[in-house]
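What follows is a single structure, written as structure tokens, with notes after it.
Since this is a predicted model, take the numbers as computed values, not measurements. Sequential numbering from 1 along the given sequence is applied to the chain's residues.
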Amino acid sequence: MACTLADSLLLFKGSFQKPLRKRDIAAHYSPGVFSSNSDGLIRKGFRRQRSFVNRNKVTLIRAVAVPVQQPAPVESVEYRKQLAEDYGFRQIAEPLPSNVTLKDVINSLPKEVFEIDDVKAWKSVLISATSYALGIFMISKAPWFLLPLAWAWTGTAVTGFFVIGHDCAHKSFSSNKLVEDIVGTLAFLPLIYPYEPWRFKHDRHHAKTNMLSEDTAWNPVSKDEFESSPLLRKAIIYGYGPFRCWMSIAHWLLLHFDLKKFRPSEVKRVKISLACVFSFIAIGWPLIIYKTGIMGWIKFWLMPWLGYHFWMSTFTMVHHTAPHIPFRISEEWNAAQAQLNGTVHCDYPKWIEILCHDINVHIPHHISPRIPSYNLRAAHKSIEENWGKYLNEASWNWRLMKTIMTVCHVYDKEQNYVAFDDVAPEDSGPIAFLKKSMPDYA
């Protein structure tokens with residue numbers, strides 16, 4: 001999503017890490033300045049500090065001189081290993097050479113990963129429908145103290161509906177476009193998500209992944225946004241901090257229901273999708289309330305819907321957010337670097353991977369959105385064999401989440417991100433709370 005004042009409440013990036021030892025830096029890297037913030041995070045520093053960084057929270061350390069042909073920190077194996085440990089990653093990617101193109105990566109994939117298999121596609125529908133029905137049954141039978149578990153299951157199951165619609169939008173579900181449009185629209189209805197508006201915006205996310213102000217999924221907060229008003233600043237801090245795992249709700253609301261945000265050629269299809277969503281609300285919600293009451297609507301629809309948005313927000317921010325993954329202006333943007341180097345593969349517990357149809361095997365999806373979800377693992381295996389050292393990989397863990405939610409905030413061209421508590425410490429109580437309260441184990 002673009003960095004407007006409203007849209008800025010929907011973005012994702014962050015980090016929390018253990019201190020790097022200064023002697024390790026001195027041993028491996030060429031002369032330069034490094035900055036150490038109050039949380040112990042060591043970053044490559046710059047001789048010219050950004051004016052909006054609080055200098056009182058930064059200590060400058062000059063590294064020991066070593067022979068000149070030393071590799072830059074990001075190119076050093078030891079440095080990447082240290083970053084991986086600090087950020088909660090298994091592997092930090094080696095920079096992709098600028099002469100590698102996205103076509104080079106696509107051409108390295110076996111042709112069979114692009115093939116649509118109707119049986120596998122409809123099997124994914126069966127898995128989602130069955131797991132969702134089971135979730136509704138569990139909610140109806142669970143005692144109050146087990147309801148959170150039932151909601152977690154059902155919210156994850158309904159996320160599978162989103163992934164099915166996601167495949168339909170990328171033309172990787174069926175060879176019949178009409179079938180894809182129907183299935184995609186129906187799959188999105190329980191989520192109150194208008195299929196066509198989302199599809200139009202999501203296509204731009206793939207075309208402009210991690211392009212500053214152009215990516216319609218997430219963007220860092222801009223300095224101008226952050227300094228525009230005290231009220232907005234506080235809202236952004238809470239949105240990118242404690243409420244970050246539900247910020248996709250704001251993204252959903254602000255980006256998909258305003259006809260002015262779409263091209264004239266898109267408006268007709270957008271109106272059809274909106275009509276479907278509002279019809280579902282007008283018929284489905286009263287029916288739920290009639291049968292189960294207001295509390296039934298909360299139990300059977302709202303809580304699973306919030307569970308879906310937890311995964312929607314979490315998956316999206318983990319896919320493209322880390323202190324070392326930059327957003328670039330269009331003139332400096334490189335498609336292969338953004339899609340291969342700028343996308344994160346993250347492993348989740350097996351039941352989540354099954355219910356969500358491997359959506360977190362995300363690097364091949366960004367190499368080519370035409371790869372069906374059931375072929376993503378085969379495609380990822382091929383990418384690992386041919387481009388493995390250029391991949392960012394993690395298993396979901398609290399240190400990873402803490403990194404995203406407490407560090408990756410305000411965009412800075414030189415450092416990628418500056419944390420809220422470095423920019424505005426007096427307003428950053430929510431971030432301090434997260435640093436103290438969130439677990440730090442990977």
Side-chain angles (χ1 to χ4, degrees), residues 105-136 153-191 193 195-196 198-199 202-203 205-206 304 307-308 311-312 315-316 318-319 339-340 343-387 391 393 395-396:
V105 184
I106 293 173
N107 288 341
S108 72
L109 293 171
K111 289 183 171 52
E112 54 265 27
V113 302
F114 298 95
E115 295 175 358
I116 292 174
D117 186 322
D118 288 335
V119 173
K120 291 180 179 178
W122 287 102
K123 180 182 176 182
S124 67
V125 175
L126 180 62
I127 289 172
S128 288
T130 303
S131 59
Y132 180 64
L134 177 60
I136 295 298
W153 173 275
T154 311
T156 307
V158 81
T159 304
F161 285 143
F162 173 83
V163 179
I164 291 168
H166 176 264
D167 269 16
C168 291
H170 285 301
K171 300 180 177 63
S172 60
F173 180 85
S174 171
S175 55
N176 187 310
K177 182 66 170 68
L178 179 60
V179 168
E180 287 184 321
D181 287 345
I182 293 172
V183 172
T185 298
L186 293 175
F188 273 28
L189 282 184
L191 308 171
Y193 235 112
Y195 171 72
E196 294 288 359
W198 176 84
R199 180 172 71 87
H202 188 68
D203 284 348
H205 163 60
H206 277 272
Y308 153 73
W311 288 126
M312 183 71 168
F315 291 167
T316 304
V318 170
H319 287 162
Q339 310 296 11
L340 190 67
T343 304
V344 175
H345 171 85
C346 187
D347 294 319
Y348 289 79
K350 188 66 175 178
W351 68 277
I352 296 174
E353 302 277 21
I354 292 172
L355 294 188
C356 297
H357 309 302
D358 288 335
I359 189 61
N360 292 293
V361 186
H362 207 63
I363 294 174
H365 174 64
H366 266 268
I367 297 304
S368 175
R370 290 299 187 91
I371 300 173
S373 58
Y374 45 80
N375 288 337
L376 289 173
R377 289 199 178 275
H380 185 78
K381 183 178 179 181
S382 173
I383 292 172
E384 280 188 317
E385 292 171 353
N386 293 293
W387 309 92
L391 306 185
E393 296 184 320
S395 295
W396 190 88

[atom1] of [X] to [atom2] of [Y]: how many Å apart, nearest 0.5 Å?
X	Y	atom1	atom2	value
Ile367	Asn107	CD1	CG	11.5 Å
Ile359	Cys346	CD1	SG	13.0 Å
Asp167	Phe162	CG	CZ	10.5 Å
Leu340	Ile383	CG	CD1	6.5 Å
Ser124	Asp117	OG	CG	10.5 Å

Would you mind reporting whether [Y] and [X] have side-chain heavy atoms less than 4.5 Å apart?
X	Y	value
Thr159	Met312	no
Phe161	Phe188	no
Ile164	Phe173	yes
Tyr348	Val318	yes
Ile371	Leu109	yes
Val158	Trp311	no
Trp396	Asp347	no
Glu115	Lys120	no

Q) Between His170 and Asp203, is a side chain to side chain contact (heavy atoms under 4.5 Å, CB included) present by the stated rule, with each step listed? A) CA-CA 8 Å; His170 285 301; Asp203 284 348; 4.2 Å; yes
For [X] against [Y], the heavy-atom pair lying closest together:
X	Y	result
Val163	Cys356	CG2-O, 3.4 Å
Ser382	Pro110	OG-CD, 3.3 Å
Ser172	Tyr374	O-OH, 4.3 Å
Leu355	Ser131	CD2-CB, 3.5 Å
Asn375	Glu112	ND2-O, 3.7 Å
Asp358	Ser373	CB-O, 4.1 Å

Q: Could you give me the CA-CA distance, side-chain angles and deciding distance for Asn360 and Glu353, then say whether side chain to side chain contact (heavy atoms under 4.5 Å, CB included) is met?
A: CA-CA 7 Å; Asn360 292 293; Glu353 302 277 21; 4.2 Å; yes
Q) Counting only heavy atoms not in Lys177, do more than 12 fall under 6.0 Å of its NZ? A) yes
Q: Would you indicate whether Lys171, at its atom NZ, is surrounded by more than 12 heavy atoms from other residues, nucleotides or ligands within a distance under 6.0 Å?
A: yes
Q) Between Glu180 and Arg199, is there a salt bridge with N-O shorter than 4.0 Å? A)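 Here Arg199 does not pair with Glu180 in a salt bridge, since their nearest N and O are not under 4.0 Å apart.
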Q. Any side-chain donor-acceptor pair under 3.5 Å between His365 and Thr343?
A. no
Q: For the pair Tyr195 (side chain) and Ala169 (backbone), establish whether a donor and an acceptor sit closer than 3.5 Å, ignoring hydrogens and angles.
A: yes
Q.
Quick check on the 6.0 Å ring-centre criterion: do His345 and His366 meet it?
A.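 So the answer is no for these two rings.
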Q.
Ring centres under 6.0 Å, that's the criterion: do His166 and His357 meet it?
A. no
Q) Glu385 and Lys381: side chain to side chain contact (heavy atoms under 4.5 Å, CB included), yes or no, with the steps? A) CA-CA 6 Å; Glu385 292 171 353; Lys381 183 178 179 181; 3.7 Å; yes
Q. Between Val125 and Ser128, does a side chain to side chain contact (heavy atoms under 4.5 Å, CB included) hold up when you go through it step by step?
A. CA-CA 5 Å; Val125 175; Ser128 288; 6.0 Å; no
